[in-house]
Number of protein chains: 2
Amino acid sequence: MRIGELAARAGTTTRTLRYYESRGLLAARRNHNGYRTYDEDDLKLLRQIRTLQDFGFDLEETRPFVECLRAGHPEGDSCPASLAVYRRKLSELDELIGELQAVRAQVGEQLVRAERARDELAADATVPGGPDPVCELGGRTR
Amino acid sequence: MRIGELAARAGTTTRTLRYYESRGLLAARRNHNGYRTYDEDDLKLLRQIRTLQDFGFDLEETRPFVECLRAGHPEGDSCPASLAVYRRKLSELDELIGELQAVRAQVGEQLVRAERARDELAADATVPGGPDPVCELGGRTR
DNA sequence: GTACGGCTTGACGCCGACGTCAAGGCAACA
DNA sequence: TGTTGCCTTGACGTCGGCGTCAAGCCGTAC
């Protein structure tokens with residue numbers, strides 16, 4: 001099949017396939033008129049790349065899987081180098097998730113604190129003789 | 001104070017401050033010879049930006065906080081627009097964390113599956129009359 | 001005077017994964 | 001024969017948040 005069909009079957013674009021080729025991830029045969037030609041194995045390989053990309057792997061991280069398939073193994077993750085990438089990715093994910101949860105907690109605290117400060121000002125403002133309101137409080141003014 | 005001192009006190013670089021200025025986030029007065037001049041309020045403003053950046057906010061998201069401080073409010077999050085950013089960020093974080101956890105689970109499954117497949121091949125290989133090993137198994141060969 | 005550090009503006013570089021445009025070749029169909 | 005659609009290579013654009021370099025000015029110390 002030609003590049004357009006392969007791209008369509010993998011749910012991507014011809015530009016992407018040429019990019020992968022330029023990165024040495026996806027090799028193509030050429031037919032008599034110079035068009036790139038692919039087979040079902042290329043589709044499998046491409047789908048492997050796309051799956052990993054969807055997981056957030058960057059292109060270089062997919063290389064071991066690609067080379068594993070190219071070496072004739074039944075799956076891209078049939079080789080130790082691929083398993084190593086899985087493991088590294090898992091620890092990266094764990095670290096990232098942890099950091100994001102910490103940030104989430106901090107931002108949540110800030111929100112609570114800021115809302116409390118706002119409410120206290122609002123309460124003061126309703127008390128006769130309380131401080132003058134400095135901020136616009138509650139909803140939008142305009 | 002001049003730009004170098006402000007940058008140092010905020011733990012950043014002069015390039016960053018000029019960039020913020022170009023984005024309209026950090027205004028500077030100029031002294032007689034054209035040098036940028038800043039005061040303690042600018043430092044506070046800059047620290048507000050940096051804190052949010054550390055949380056993963058992008059620059060545009062810090063703008064409401066900056067404008068809030070500029071308007072004379074005691075804190076960058078004393079204004080409704082800032083609270084709205086907090087809330088939006090929280091939901092973004094929740095969504096992202098959820099996605100990452102889902103990816104983590106999937107990658108974990110893939111790893112387990114691939115390891116099991118490898119071990120089964122290894123077990124077969126130790127059985128006399130079992131299938132020939134096709135992959136390099138276990139540790140590194142070279 | 002001159003050496004040095006800090007300041008100025010302007011402009012290009014970087015990263016990853018492509019998008020998009022240009023100019024042209026190839027094949028099938030009306 | 002011309003139109004249409006797919007293909008080719010090449011090259012520049014995108015995004016954010018700066019880094020880095022160039023050329024030159026300002027002020028102080030020696």
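Sequence lines set the chain letters: A, B, ... in the order given, protein chains first and strands last, and positions in each chain run from 1. Small disclaimer: the values here were computed from a predicted structure and weren't measured.
Side-chain proximity of Q53(A) to the nucleotides dA17(C), dT9(C), dC18(D) is greatest for dA17(C).
One can place CG of L6(B) at 10 Å from P of dC7(C), the figure rounded to the nearest angstrom. A straight line from CZ of R23(A) to P of dC18(C) spans 12 Å, rounded to a whole angstrom. When the P atom of dT8(D) is taken as reference, atom OH of Y19(A) falls 18 Å away, rounded to whole Å. Protein atom CD1 of I49(B) is 14 Å distant from nucleotide atom C1' of dC18(D), rounded to whole Å. Between the C1' atom of dT8(C) and the CD atom of E21(B) lies a distance of 11 Å, rounded to the nearest Å. Rounded to whole Å, atom C1' of dA17(C) lies 12 Å from atom CG of L25(A). One atom, CG of L17(B), and another, P of dT9(C), lie 13 Å apart when rounded to the nearest Å. Per the geometry, CG belonging to N31(B) stands 13 Å off C1' belonging to dC25(D), to the nearest Å.
At a threshold of 4.0 Å, the pair E21(A)-R30(A) counts as salt-bridged, since one of the basic side-chain nitrogens sits closer than that to a carboxylate oxygen. Between R29(B) and D42(B), at least one side-chain N (NZ, or NE/NH1/NH2) sits under 4.0 Å from a carboxylate O, which counts as a salt bridge. Remark: E92(B) engages K89(B) in a salt bridge, criterion side-chain N to carboxylate O under 4.0 Å. Comment: E60(B) engages R63(B) in a salt bridge, judged by a side-chain N to carboxylate O separation of less than 4.0 angstrom.
Applying the side-chain hydrogen bond (donor to acceptor under 3.5 Å, both in side chains) definition to pairs two or more places apart or across chains, those involving residues 107-117 of chain B are D77(A)-R113(B), R87(A)-E115(B), Q110(B)-R113(B). Each disulfide bond (SG atoms under 2.5 Å apart) pair with one or both residues in residues 41-75 of chain A, not counting sequence neighbours, appears once here: C68(A)-C79(A).
Of the residues in residues 90-100 of chain A, not one places a heavy atom less than 4.0 Å from an atom of DNA chain D. Taking a 4.0 Å limit (strictly below) on heavy-atom distances, residues 57-67 of chain B does not reach DNA chain C anywhere.
With rounding to the nearest 0.5 angstrom, the CG atom of L100(B) is 5.0 Å from the CD1 atom of I97(A). With rounding to the nearest 0.5 angstrom, the CG atom of D54(A) is 12.5 Å from the CZ atom of R47(A). Atom OG1 of T62(B) is separated from atom CD of E67(B) by 9.5 Å, given to the nearest 0.5 angstrom. From K44(A), atom NZ reaches atom CD of E75(A) across 5.0 Å, with rounding to the nearest 0.5 Å.
A 4.5 Å side-chain heavy-atom check between L59(A) and I49(A) finds at least one atom pair inside the cut-off. With a 4.5 Å cut-off on side-chain heavy atoms, E61(A) and L52(A) do not count as touching.
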In B/S/- notation, 5' to 3', how is nucleotides 19-26 of chain C contacted by protein heavy atoms closer than 4.0 Å? BB----BB

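As judged by a 4.0 angstrom heavy-atom cut-off over every strand, R18(B) is placed among the base-contacting residues.
In this structure, Y20(A) reaches the dC18(C) phosphate: one of its side-chain N or O atoms is under 4.0 Å from OP1 or OP2. Residue R36(B) has a polar side-chain atom (N or O) positioned under 4.0 Å from OP1 or OP2 of dT8(C). The phosphate of dG5(C) (OP1 or OP2) has no side-chain N or O of R2(B) nearer than 4.0 angstrom.
Counting non-hydrogen atoms of neighbouring residues, nucleotides and ligands closer than 6.0 angstrom, the CZ atom of R88(B) exceeds 12 such neighbours.
For the helix from dG1(C)-dC30(D) to dA30(C)-dT1(D), the angle separating the two terminal helix axes comes to 40°, with each axis derived from five pairs and the value rounded to 10°.
Closest approach of Q53(A) to F57(A), counting heavy atoms only: OE1-O, 2.9 Å.
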